[in-house]
Every structure is written in C-alpha cells, then in structure tokens.
S.K.: 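Let me begin by handing over the structure; questions about it come next.
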Amino acid sequence: MLVATAVSLEREAVAGAFAVPVEEVPLPGAALGRLPLRPATSAPGAAGCAHPPPLSASPPLSASLERGDPHERGDPHRPAGRLATAETAGTLDLLVAGVGPAHAAASTATALTAAALAGDPYDLVVSAGIGGGFQPDAAVGSLVVADEIVVADLGADTAEGFVPVTELGFGAVSHRPPESLVREVAAATGGRTGTVLTVSTVTGTAARAAELRARHPRALAEAMEGFGVAEAAAAHGVPVLELRAVSNPVGPRDRAAWRIGDALAALTEGFGKLAPVLESWNPHDRTH
Ligand SMILES: O=C(O)c1cccc(C(=O)CC[C@H]2O[C@@H](n3cnc4c(=O)[nH]cnc43)[C@H](O)[C@@H]2O)c1
C-alpha cells in the first residue's frame, strides 16, 4: 500500500506512528517510507524498538507540518520526495507527494511506476492529509473518508457557469474508491463519507464555498491532492482511498481559525485504526 501525503513527515514521528524505525533508502530522486501495517513487537532489523507503543497510542503523524520548515517540506523538484524503509516486511510505503494535484500526481505515478518495474506493484494508494470542511457537515477536527474524489476546477469558465473538462470531451473529473473499503474505513475511524473535492486554489470566500457546494451538494471537504493521486492510481489500475482530517472551515479566509494540530491528531488516530481494516481488506474487491 502506498500512502501519499502532501508534506514531509519527520522520520521519527512516522516511525513512532507505525511503531517501527525507518531507514532512508537512497533512490534516484525519490523518497518513500516502507513500513509494516502491524505494530512490530520484535521485528527483525527493528533495532531499539523491542517494545513499541500500540498504533492507537502513537505520536502525531507529523509535527513538522506546523513548523513550516522548508527542509521538512521535501524538495519540490524531486517528484517522489524522500524514500525511507523499514527492514521489516514492507506492507505500507509513505510518500511525501507534494502540495497540489500536479505534484501529487507526478510523485505518486513515479512511485507506482518504480514499484511496478521492480516487480512489487502496489495494491492500494491512500491520499491522506488535512483539508477544509464544508460547514456544518464536516466539523474542524473531524475525519472525512472520500466515497468520491472530484476535481472541482478542471474545466472552462463560461458566461453560463463552469463547464467540467468531461463536457469539453476530455479526461475525467471523478474517481470512486472501493465502496466496501470506504464503508469499513469510515466505520473504523468514525469518519463521515462523502465527496472530497480537489482544488488548485484554496477557497477563500463564502461565495466560492457556496458555488462549490451548489455544484457538489455531497461535498464534505476540499483539499489539493486527492484527484492527482487518484489519476496516478487509475493509470496503474490501482484502487485509491482519500482520508482527510478537517483543519479549517471552507469559506472566508481566516488563518486564525486553522486547527492544524487538532487535525493532525485526528488523522494520526484515524490512521492507527486503519491498519486492521487494510490488512483484512481484499484488494480484488475494487468496486463493492
Ligand atoms: O492561505 C490560506 O488561506 C490557506 C487556507 C487553507 C489551506 C491553505 C494551504 O496552503 C493548504 C495546503 C495543504 O493543506 C490542505 N488543505 C488544508 N485546508 C485546505 C482547504 O481549505 N482547501 C484546500 N486545501 C486545504 C491541502 O490539501 C494542502 O495539502 C492555505
């Protein structure tokens, strides 16, 4: 499984979250973390990690998100970010995929291609991160599991309104994660299911929020990467999931209202609950 996040996560925090140490692996222009889904009790090669904490008690996935340290944000010119791996049996790789749909798509496609060429293809891609929540349905600090991943601004602006790219005769504007996986992940994490929009421009006015909601009445959240990750996954025939923790309301710009710490705590807790679901999920069940 490949987990694509927008910005860099501290290796120590990631190791703590998944209860294993990770090692950086030098790959050509790439960065990815390979971690077991299960908390390792005495994993071979997991030196200094004989008694790791349970997943649910793990520290935040990323403290570095809040710091804004450019070195923690990954190198925007290296599409796949940084790659690290645990020496234990690798079942989960963590990819710093970059901010925005294009960067996320490039990073994810690079990682998927590298894995396929190495003869070890992924069977699931998860786009995970923080996002804006449409009020009152997706409260700050809550989790949203996408049952549909929709790009909201890929198309043409016309006097009659927005025309999606599909109506212009091109491409796709939506991807649907496997229904059974969405159901099970939502049940395990307590997340709400609904559409998660992908935008290239963060919504900053009430008018834009209302316009998006009018076009996408089922939208619970917006973020900037899901559709890019989903396009890369679709190109490889791999199912996709998107999990967002709400850090701010969608609407008028108000940086004081951001609750990134709360959202990351919710994401970390939710992620810990994903492990058993993902372990038992049958990757061949791609639609139901
Ligand atoms: O400067 C602003 O007003 C502003 C408001 C919200 C988000 C940003 C970002 O730069 C977000 C980058 C990052 O976080 C995700 N995210 C979080 N909240 C939102 C949102 O309301 N709309 C879209 N994306 C959001 C996003 O996926 C990026 O990874 C700036």
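For the single chain, residues carry numbers from 1 onward in sequence order. Predicted, not measured: the structure shown is a model, and the values here were computed from it. The figures that follow rest on heavy atoms only: side chains count, while hydrogens, waters and symmetry mates do not. In listed order, ligands and their atoms are each counted from 1.
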S.K.: Look at the side chain of Glu225 and the backbone N and O of Gly100, then say whether any donor-acceptor pair between them is shorter than 3.5 Å.
M.R.: yes

S.K.: With the threshold set at 4.0 Å, does a side-chain nitrogen-carboxylate oxygen contact exist between Arg215 and Asp153?
M.R.: no

S.K.: With distance as the sole criterion, is a donor-acceptor pair present between the side chains of His175 and Glu148 under 3.5 Å?
M.R.: no

S.K.: Hey, is Asp147 close enough to Arg183 for a salt bridge, meaning N to O under 4.0 Å?
M.R.: no

S.K.: Of all the atoms in ligand 1, which lie at a distance below 4.0 Å from a heavy atom belonging to Arg253?
M.R.: 1 (O), 2 (C), 3 (O)

S.K.: List the steps, then state whether side chain to side chain contact (heavy atoms under 4.5 Å, CB included) holds for Arg218 with His216.
M.R.: CA-CA 5 Å; Arg218 297 183 62 258; His216 305 283; over 6 Å; no

S.K.: Backbone, side chain, both or neither: what part of Arg244 comes under 4.0 angstrom of ligand 1, heavy atoms only?
M.R.: side chain

S.K.: Linking Ile, Leu, Val, Met, Phe, Trp and Tyr by side-chain heavy atoms under 4.5 Å, what else ends up with Val246?
M.R.: Val140, Val144, Val196, Leu220

S.K.: Could you list the atoms of ligand 1 found under 4.0 angstrom from a heavy atom of Ser247?
M.R.: 17 (C), 18 (N)

S.K.: List every atom of ligand 1 that sits less than 4.0 Å from any heavy atom of Gly132, numbering the atoms from 1 in the order shown and giving each element.
M.R.: 18 (N), 19 (C), 20 (C), 21 (O)

S.K.: Look at ligand 1 and say whether Thr203 reaches it with a heavy atom at a distance under 4.0 Å.
M.R.: no

S.K.: Any nitrogen or oxygen of Trp258, side chain or backbone, less than 3.5 Å from one on ligand 1?
M.R.: no

S.K.: Using a strict 4.0 Å cut-off to heavy atoms of Asn248, name the atoms of ligand 1 that fall inside it.
M.R.: 17 (C), 18 (N), 19 (C), 20 (C), 21 (O)

S.K.: Are Gly131 and ligand 1 in contact, using a heavy-atom cut-off of under 4.0 Å?
M.R.: yes

S.K.: So, regarding Met224 and ligand 1 (criterion: nitrogen or oxygen to nitrogen or oxygen, under 3.5 Å), is there a contact or not?
M.R.: yes

S.K.: Using a strict cut-off of less than 4.0 Å between a Lys/Arg side-chain nitrogen and an Asp/Glu carboxylate oxygen, indicate whether Glu211 and Arg213 qualify as a salt bridge.
M.R.: no

S.K.: For Arg255, take its heavy atoms, then give the atoms of ligand 1 lying under 4.0 Å from any of them.
M.R.: 1 (O)

